[in-house]
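Inspection log for the structure reproduced underneath, given as structure tokens.
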There are 2 protein chains.
Amino acid sequence: MCIYYTNNRNMTSQSQQYEFAALATDVVIFTVCEEQLHVLLVQMNKKPFTGMWALPGGLVKPNEDADTAAKRQLLEKTGVSNAYLEQLYTFSRVDRDPFGRVVSVAYYALLPKKTKVATMPDYADIQWVPVTAVMSLAYDHRDILQTAIVRLKSKLAYTNIVYSLLPKEFTLSEMQSVYELILDTVLDKRNFRKKILAQGMIKKTGKKQTAGANRPAELYTFIKRSVQEVAML
Amino acid sequence: MCIYYTNNRNMTSQSQQYEFAALATDVVIFTVCEEQLHVLLVQMNKKPFTGMWALPGGLVKPNEDADTAAKRQLLEKTGVSNAYLEQLYTFSRVDRDPFGRVVSVAYYALLPKKTKVATMPDYADIQWVPVTAVMSLAYDHRDILQTAIVRLKSKLAYTNIVYSLLPKEFTLSEMQSVYELILDTVLDKRNFRKKILAQGMIKKTGKKQTAGANRPAELYTFIKRSVQEVAML
DNA sequence: ATAGTATGTGTATATATTACACTAATAATC
DNA sequence: GATTATTAGTGTAATATATACACATACTAT
């Protein structure tokens, strides 16, 4: 790494115009609601993507690392600062941005429910969209989204990150439903409960779900809300 | 992403000096030999890291994406062009390079055996080093190596990438030994063979290992040399 | 011929996964 | 207040998977 770098120590981009790329982050923000996996999209109001939808994102600032920039994006768009956020993949196709060389460090975030999002002045619109309803997106954001969905599926199966998609207190049916939606499977209720409870990662709160014209469900909570590598399914 | 970008369309780095980072790749190149996991390191001959060891890497060229740059690094350092190569993580700490803002997209590669490496004119030395013997490294390369080791361990366990660390034809003892070394476990020979053979991913070649003052081992080969997600252990 | 060394193999036990159907608790309706 | 509709909650038997464990085999070197 050093060798190329020292050959180009003056950091102007005049003669070596593309040696230095613009660095951006794009964040795939997921949530589950109404029995569907949703992703937060913004509608662009700048050429050449006017009217098109894209993932929220932006350039990394001089004093930021990519993690910080992604966290900032998440906060600006959702007001949430403590969500699960993980680096996904870096997309660097030379022609991925029509304006020039922009490399994007993509992240994905998981929110416990459809957070109310304020329309930003910089965008035409901002909305939660069911992932099944997402059509074409600006840039290579379709690829980024696809990569995020694959990652989410695999992480759900072998870690406990489901906690980040659930509210603090939740029912076992809600939890099972999250797995079924995202993994696109049907699970046996008794076997699911047996397995999840055997993990020892959740406990009863003692409380029960209030509303509902049927038997009220026990509310559970995660003992630790931190990521652990465990075969959940 | 678009909003910031369009505000800074002129791609000179004069006024917004660090908005545009230098983009580099560093490659953690692994191989197994002499019953140890080895990593390829280069010794630097430029200040301020003169004499220090580092991961092979370099700046991404204008017409390259990060994958291409990593592949080139691997080829330049080892002469190998068909190894397993996977993006690992992007390291972007603001002060990770003493010369300025350099963001590194790290990769890791797996080679079937200790490939002979030619000393490069740009480096003081280049060597295979057992990972247990690696002390401090230049930049944040210690972190990168650590991240790569963690990734390698987990990928070994739930995919078949072990094929990329083995020669075309190999014995079951060799294969078991790779798992034992990297995962730092002891495995039961009969159970290991039962499980691996049950996967149906390898087959006998019919040939036997020649040399050795003992019973010659059957040689096996992978039916497909491509990555599949399978619980191997 | 013998000694040394790594290869190759099977079975019994324990654990984990799967398949499967009814009762319980509540709200809404009559 | 009895009935209906709806989701919650529970156990067992069968199958599949994982584990623990010891000796005969095929070769080289002496």
Side-chain angles (χ1 to χ4, degrees), chain A residues 32-35 156-160 162 166-167 169-181 183-221 228-233, chain B residues 32-35 156-160 162 166-167 169-181 183-221 228-233:
Chain A
V32 170
C33 71
E34 289 154 17
E35 302 287 302
L156 256 202
Y158 73 87
T159 74
N160 65 342
V162 68
L166 291 167
E169 301 187 338
F170 53 88
T171 69
L172 289 178
S173 296
E174 280 169 351
M175 188 176 182
Q176 180 175 345
S177 160
V178 171
Y179 280 105
E180 290 181 332
L181 286 172
L183 299 179
D184 196 27
T185 48
V186 176
L187 299 170
D188 179 86
K189 202 205 296 193
R190 280 171 291 190
N191 293 339
F192 176 79
R193 285 164 187 240
K194 206 187 308 173
K195 184 150 190 181
I196 293 297
L197 292 172
Q199 313 277 16
M201 292 203 293
I202 64 172
K203 61 164 194 256
K204 285 190 187 174
T205 60
K207 295 179 230 169
K208 302 209 173 191
Q209 200 180 41
T210 53
N214 45 37
R215 178 171 178 171
E218 288 269 5
L219 285 168
Y220 287 80
T221 190
Q228 290 172 56
E229 298 227 342
V230 186
M232 296 295 283
L233 292 186
Chain B
V32 170
C33 72
E34 289 152 19
E35 302 288 302
L156 256 202
Y158 73 88
T159 75
N160 64 341
V162 67
L166 292 167
E169 301 186 339
F170 54 88
T171 70
L172 288 178
S173 297
E174 282 168 350
M175 188 176 181
Q176 182 176 344
S177 160
V178 171
Y179 281 105
E180 290 181 333
L181 288 171
L183 299 179
D184 194 28
T185 47
V186 177
L187 299 170
D188 178 86
K189 202 204 295 194
R190 279 172 290 189
N191 293 340
F192 177 79
R193 285 163 188 241
K194 207 187 306 173
K195 183 149 190 180
I196 294 297
L197 292 172
Q199 313 277 17
M201 292 203 291
I202 64 172
K203 62 165 194 253
K204 284 189 186 176
T205 61
K207 297 179 227 169
K208 302 210 174 191
Q209 200 181 39
T210 52
N214 44 39
R215 178 171 179 172
E218 290 270 6
L219 286 168
Y220 286 80
T221 191
Q228 290 170 57
E229 298 227 342
V230 187
M232 295 297 281
L233 291 186

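These numbers were taken from a predicted model, which means no experiment stands behind them. Side chains are part of it too, since the values below use all heavy atoms of this structure and drop only hydrogens, waters and symmetry mates. Note on naming: letters A, B, ... go to the chains in the order of the sequence lines (proteins, then strands), and numbering restarts at 1 for each one.
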Quiz prompt | Given DNA chain D, 5'-ward residue of the pair B:Leu233 and B:Gly212, judged by closest heavy atom | solution = B:Leu233

Quiz item: Is there a side-chain contact between A:Val230 and A:Thr159 (heavy atoms, below 4.5 Å)?
Solution: no

Exercise. Please tell me which of the listed nucleotides, C:dC20, D:dC27, D:dG9, lies nearest to the side chain of A:Ala217?
Key: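 For A:Ala217, the side-chain atoms sit closest to D:dG9.
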
Quiz item: Which nucleotide sits closest to the side chain of B:Ala213: C:dA6, D:dA29, C:dC20?
Solution: D:dA29

Answer with yes or no whether [X] presents, from its side chain, a donor or acceptor under 3.5 Å of a partner atom in the base of [N].
| X | N | value |
| --- | --- | --- |
| A:Arg215 | C:dT26 | no |
| A:Asn191 | C:dA19 | yes |
| A:Arg190 | D:dA8 | no |
| B:Lys194 | C:dT9 | no |

I need the [atom1]-[atom2] distance between [X] and [N], as an integer number of Å.
| X | N | atom1 | atom2 | answer |
| --- | --- | --- | --- | --- |
| A:Glu174 | D:dA8 | CD | P | 9 Å |
| A:Met232 | C:dA16 | CE | P | 16 Å |
| A:Leu172 | C:dA24 | CG | P | 20 Å |
| A:Leu219 | D:dA8 | CG | C1' | 12 Å |
| B:Glu218 | C:dT9 | CD | C1' | 12 Å |
| A:Lys208 | D:dT7 | NZ | P | 17 Å |
| A:Leu197 | D:dT10 | CG | P | 9 Å |
| A:Tyr220 | D:dA8 | OH | P | 12 Å |

Quiz prompt | 5′-ward residue of the pair A:Lys189/A:Pro216 relative to DNA chain C | solution =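 Going by which nucleotide is closer to the 5' end, it is A:Lys189.
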
May I ask you to say what [X] touches in the nucleic acid, namely base, sugar-phosphate or nothing, with a heavy-atom cut-off under 4.0 Å?
| X | value |
| --- | --- |
| A:Gln209 | nothing |
| B:Ser173 | sugar-phosphate |
| B:Lys195 | sugar-phosphate |

Quiz item: What closest approach, in Å, do A:Glu174 and A:Glu169 show between heavy atoms, and which atom pair accounts for it?
Solution: OE1-O, 4.4 Å

Practice problem: Heavy atoms only: give me the nearest A:Phe192-A:Leu187 pair and the separation to one decimal. | Solution: CD1-CD1, 3.9 Å

Self-check item: Atom pair CG (A:Asp188) and CZ (A:Arg193), whose distance is rounded to the nearest 0.5 Å
Solution: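 If I round to the nearest 0.5 Å, the distance is 10.5 Å.
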
Quiz item: What is the distance from atom CG of A:Leu233 to atom CG of A:Leu156, rounded to the nearest 0.5 Å?
Solution: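 With rounding to 0.5 Å, CG (A:Leu233) is 8.0 Å from CG (A:Leu156).
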
